[in-house]
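Worksheet: the structure to be examined is printed underneath.
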2 protein chains.
Amino acid sequence: MSASKRDELVQKALKAFYRDGFHALGMDALAKETGVSKTAIYKHFRTKEELILATLRLRDEQFRNWMIRRVEALADSPRGRLLAVFDVLAEWFAEPEYRSCMFIKASSEYQDRTHPIHGVAAEHKKLLLAYFEKLAGEAGAKAPKRLAGQILLLKEGAIVLAHLHDPDAIVADARAAAEDLLKAAGV
Amino acid sequence: MSASKRDELVQKALKAFYRDGFHALGMDALAKETGVSKTAIYKHFRTKEELILATLRLRDEQFRNWMIRRVEALADSPRGRLLAVFDVLAEWFAEPEYRSCMFIKASSEYQDRTHPIHGVAAEHKKLLLAYFEKLAGEAGAKAPKRLAGQILLLKEGAIVLAHLHDPDAIVADARAAAEDLLKAAGV
DNA sequence: AATCTCCGATACTGATCGGTAAATGTAGAA
DNA sequence: TTCTACATTTACCGATCAGTATCGGAGATT
């Protein structure tokens, strides 16, 4: 299998795991869906867990790239970008395939904090937090770390609730909250 | 099986599903753990899904009762109670068995919005939202619905992140954010 | 005491789980 | 053309999945 075939497999597996869940999707079904036989899959990934880790690493890269690019396309100022986070979330929630956050789901199914999958999920959120912290610092917030943490709290809450309730109402509340928090942080 | 035996089974199943996840825990393992044979379980629940629904309904009742009682024990005023929500969360996060929210996990594993399990999860969050809205109204907030939604956002975000990062830091950020949002709502 | 009734434990169903051994196909080199 | 080497498919492994048929044994009825 060529490197590009492998990437294609991981990309398709990503979609399938996101749609069905990690335990719910078996390797036979995955092979059928991707068109890659199980033997060929296991040539490149020693276990199902390793394949899942590869999909999560791809998702981390894709999601953060997408979010940051969209945020920077929507606003120029650091303050504007902190608020644009919620406009980008609104775009995401509006996708018909939206099904919450893959990392939240991963950490739900692999709950042990020492589990590698749990660790990748935690790391993904840390990297987003670091981005928010950079924006908060540039915006001149009194306590950039705290503001970044609060934006992340709103973002994660919105992701969970948009999956359960009305996404538009959720994101409106979250954005309004972010505005209040920015003001409170002197931004 | 007596009614109390049935309750005991649901209680034990609740613990087990919360610990292991819904797909990950099989009925054989559940029977062994609860000490109730599969036949006896299926006498009272036609399918695994029905048992899961029963555990979620019990969890909903137990969790909301517990949270409301603790909130009302910690503070007298509506404003104090809205903030006390985060002190109660801190208590929860400190439990060694803490593993995020059972309803978030349920909606992760059963993602289809038309699925009964997904519906029970959505309903649980709606009931908590209604409680927050009542407190926000009593506290004299300008827009009680919005404030309640924002408190819920912070709560859900905190639940998710406390499972991934440091719970103490998360809950501190969430509580500080809630204070700012209360002030912005004129409370 | 003898019989009846019904609950639950044992043991099983076919399907599917993650993972692999063996067989087949296919390409290039000699 | 024939051999080699590798990639891929088919068929399989024991274990476990959700769910059930069977049968023994305890309690109630006569």
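Reckoned from all heavy atoms, side chains included, excluding hydrogens, waters and symmetry mates. In what follows, every chain begins at residue 1, and chains take the letters A, B, ... in the order their sequences are listed.
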The nucleotide from C/dG18, C/dG8, D/dT8 with an atom nearest the side chain of B/Ser37 is C/dG8
Between CG of B/Leu30 and P of D/dT16 the distance, given in whole Å, is 16 Å
What protein N or O atoms touch nucleotides 20-23 of chain C N or O atoms at under 3.5 angstrom, if any, and at what distances?
residue : atom : partner : partner atom : Å
C/dA21  : N6   : A/Thr39 : OG1          : 3.3

Expected list for residues 18-27 of chain A near DNA chain C, using heavy atoms below 4.0 Å, is A/Leu25, A/Gly26, A/Met27
Taken in chain and number order and not counting sequence neighbours, the residues that satisfy salt bridge (Lys or Arg N to Asp or Glu O under 4.0 Å) with B/Glu33 are B/Arg19
Separation of D/dA7 atom P from A/Ile41 atom CD1, nearest Å, is 16 Å
B/Lys105 vs B/Glu109, salt bridge (charged side-chain N to carboxylate O under 4.0 Å, His left out): CA-CA, chis, key distance, verdict:
CA-CA 6 Å; B/Lys105 287 159 50 162; B/Glu109 293 199 45; over 6 Å; no
Exactly one of A/Tyr131, A/Trp92, A/Phe103 clears ring-ring contact (aromatic ring centres under 6.0 Å, His included) with A/Phe63, and that residue is A/Trp92
B/Asp28 atom CG is separated from C/dA9 atom C1', nearest whole Å, by 13 Å
Sequence neighbours excluded, the answer for salt bridge (Lys or Arg N to Asp or Glu O under 4.0 Å) partners of A/Lys142 is none
By nearest-heavy-atom nucleotide on DNA chain C, the more 5' of A/Lys48 and B/Gly35 is B/Gly35
A/Asp60 meets the salt bridge (Lys or Arg N to Asp or Glu O under 4.0 Å) criterion, sequence neighbours left out, with A/Arg64
Do the ring centers of B/His118 and B/Tyr110 come within less than 6.0 Å of each other?
-> no
Residue pairs meeting side-chain hydrogen bond (donor to acceptor under 3.5 Å, both in side chains), one or both in residues 162-174 of chain A, sequence neighbours left out, come to none
Rounded to whole Å, NE2 of B/His44 lies from P of D/dG19 at a distance of 17 Å
note: A/Lys43, atom NZ; D/dA5, atom P; distance rounded to Å ~ 15 Å
Whole-Å distance, A/Glu49 CD to C/dC17 P, equals 18 Å
In A/Arg81, A/Arg175, A/Arg70, the residue satisfying salt bridge (charged side-chain N to carboxylate O under 4.0 Å, His left out) with A/Asp87 is A/Arg175
Heavy-atom nearest pair, A/Leu56 first then A/Ala106, reads CD1-CB, 4.0 Å
Atom CZ of B/Phe45 and atom P of C/dG8 are separated, to the nearest Å, by 13 Å
